[in-house]
Novice: 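Sharing a structure, written as structure tokens. Questions coming.
Since the structure is predicted, the reported quantities are computational estimates derived from the model, not experimental observations.
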Amino acid sequence: MRLNDVDDIQSRSSSSPEITRRPSVSASSNSLGVGLQEVTGSKLNLFDELKQRFLSFKHHKYLEELEHFETLKEAQTPKFMVIACADSRVCPSTILGFRPGEAFMIRNVANLVPPLQKGPSETNAALEFAVKTLQVENILIIGHSCCGGIQTLMSMQDNSDSSFIKTWVTNGKNAKLTTESAANHLSFDQQCRLCEKESINMSLMNLLTYPWIKEKVKKEMLFVHGGYYDFLNCTFEKWTLDFKGGSDEEKGRFFVKDQQLWC
């Protein structure tokens, strides 16, 4: 199977400005009265909840697995580099159960990997550290259903006004073009779903534009995988790029292997 096949049509510096802290004001002594108290209370409730979650983690995870966390004080040796979407509904550690120290992660809008030619970015900086310094053995790119970044990409016109988001998601332009060519008879939502998967495949191919990744993949010292989390029905698809199985790099096509559906 080729990656772009349609398979699922349905220390503060001297120049820093000084920060002046306001003196604390009690709710009873300021003119805002109850309004301030309500807003402050709301914020405190949120952080009270986070505090309880942290304490629960400390007592039920950290202290119970103290030997593991003591090891992490010395160094990290993750087996995975994970690139996932920033979407708050898609947390790799929750979905796949990664323990601290098991996966080096970066998250961005639409889980995109720009090609080498696009220059430096936070994503390829993280990739460089993971591959060259941490010596990870696997790179896993995780996409997901109902991705707002992909919806933005698919709805963009060539003359669209620029924004940080639109400029970033243009890294997925080839996935958009492939999707439109193969599925222009489908609805917008169906096209978005296809593009969510096609963009993962495109990012897998973009990984190979980095010589220090491609060389390790060729030597089977590094494996690159795609994953798709559908939170509408809680399923996960996983596949692996088959570098030796055949490819046409000029057309951006590679074969995949070890396809699995977890449901």
Side-chain angles (χ1 to χ4, degrees), residues 1-10 82-92 95 107-115 117-118 121 123 140-209 224-242 247-257 259-263:
M1 171 181 173
R2 295 184 183 276
L3 285 179
N4 58 355
D5 285 344
V6 178
D7 61 351
D8 184 18
I9 296 205
Q10 312 295 60
V82 175
I83 302 168
C85 186
D87 193 300
S88 63
R89 300 165 292 183
V90 186
C91 177
I95 299 163
R107 298 174 67 176
N108 63 46
V109 174
N111 45 270
L112 296 170
V113 176
Q117 302 91 306
K118 287 292 187 77
S121 70
T123 299
L140 172 61
I141 301 175
I142 302 175
H144 67 96
S145 55
C146 305
C147 180
I150 296 299
Q151 290 170 4
T152 298
L153 171 66
M154 290 298 295
S155 62
M156 283 176 58
Q157 304 298 322
D158 290 338
N159 58 351
S160 293
D161 295 332
S162 62
S163 68
F164 290 127
I165 294 174
K166 290 180 179 178
T167 299
W168 170 254
V169 298
T170 55
N171 284 304
K173 184 177 180 180
N174 287 342
K176 174 186 178 180
L177 295 176
T178 299
T179 300
E180 290 176 336
S181 174
N184 60 2
H185 60 290
L186 298 180
S187 69
F188 178 77
D189 287 345
Q190 289 173 319
Q191 289 187 38
C192 285
R193 185 175 178 85
L194 288 174
C195 191
E196 287 163 357
K197 295 181 180 181
E198 184 60 32
S199 67
I200 300 169
N201 296 332
M202 180 210 68
S203 286
L204 290 175
M205 292 183 284
N206 285 347
L207 287 174
L208 299 181
T209 65
V224 293
H225 317 271
Y228 181 81
Y229 171 50
D230 186 343
F231 58 70
L232 298 178
N233 55 24
C234 197
T235 60
F236 194 93
E237 296 178 54
K238 173 263 175 192
W239 59 95
T240 300
L241 186 146
D242 185 5
S247 66
D248 186 345
E249 293 187 53
E250 290 185 0
K251 294 183 178 180
R253 293 175 180 164
F254 288 86
F255 289 97
V256 298
K257 61 182 179 180
Q259 291 179 274
Q260 300 176 24
L261 174 63
W262 305 336
C263 57

Novice: Looking only at heavy atoms, what is the nearest atom pair of C147 and A110, with distance?
Specialist: SG-CA, 3.9 Å
Novice: Are I200 and N111 side-chain neighbours, meaning at least one heavy-atom pair lies under 4.5 Å?
Specialist: yes
Novice: Taking all non-hydrogen atoms of both residues, which atom of S203 and which atom of I141 are closest, and how far apart?
Specialist: CB-CD1, 3.6 Å
Novice: Would you indicate whether I95, at its atom CD1, is surrounded by more than 12 heavy atoms from other residues, nucleotides or ligands within a distance under 6.0 Å?
Specialist: yes
Novice: Got W168 and S163 here, is their nearest side-chain heavy-atom distance under 4.5 Å?
Specialist: no
Novice: Between E180 and Q191, is any pair of side-chain heavy atoms under 4.5 Å apart?
Specialist: yes
Novice: State whether the number of non-hydrogen atoms from other residues, nucleotides or ligands found under 6.0 Å of F188 atom CZ is greater than 12.
Specialist: yes
Novice: Side chains of T235 and N233: any donor to acceptor distance under 3.5 Å?
Specialist: yes
Novice: F236: what forms a ring pair (Phe, Tyr, Trp, His ring centres under 6.0 Å) with it, not counting sequence neighbours?
Specialist: W262
Novice: Do you know which two heavy atoms are closest between V113 and N206, and how far apart they sit?
Specialist: O-ND2, 2.8 Å
Novice: Measure the NZ-CD distance between K166 and Q157 for me, rounded to the nearest 0.5 Å.
Specialist: 9.5 Å
Novice: Are V109 and F164 packed together at the side-chain level, in the sense that at least one heavy-atom pair is separated by less than 4.5 angstrom?
Specialist: no
Novice: For the NZ atom of K257 and the CG atom of L241, what is their distance to the nearest 0.5 Å?
Specialist: 8.5 Å
Novice: Can you tell me how far CD of E196 sits from CG of L153, rounded to the nearest 0.5 angstrom?
Specialist: 11.0 Å
Novice: Quick check: are there more than 12 heavy atoms from other residues, nucleotides or ligands sitting under 6.0 Å from NZ of K173?
Specialist: no
Novice: Which value, rounded to the nearest 0.5 Å, describes the distance between I142 atom CD1 and Y229 atom OH?
Specialist: 10.5 Å
Novice: Begin with the C-alpha distance, continue with both residues' side-chain angles, and end with the deciding distance and a verdict on side-chain contact (heavy atoms from CB on, under 4.5 Å) for S199 and I150.
Specialist: CA-CA 8 Å; S199 67; I150 296 299; 3.6 Å; yes
Novice: Can you name the residues that form a side-chain contact (heavy atoms from CB on, under 4.5 Å) with D87, not counting sequence neighbours?
Specialist: C85, R89, V90, H144
Novice: Could you grab the distance from atom NZ of K197 to atom CG of D230, nearest 0.5 Å is fine?
Specialist: 7.5 Å
Novice: For the CE atom of M202 and the CG atom of L207, what is their distance to the nearest 0.5 Å?
Specialist: 9.5 Å
Novice: So, do L204 and V256 sit near enough that their side-chain heavy atoms are less than 4.5 Å apart?
Specialist: no
Novice: Going by heavy atoms in the side chains, are T170 and M156 under 4.5 Å from each other?
Specialist: yes
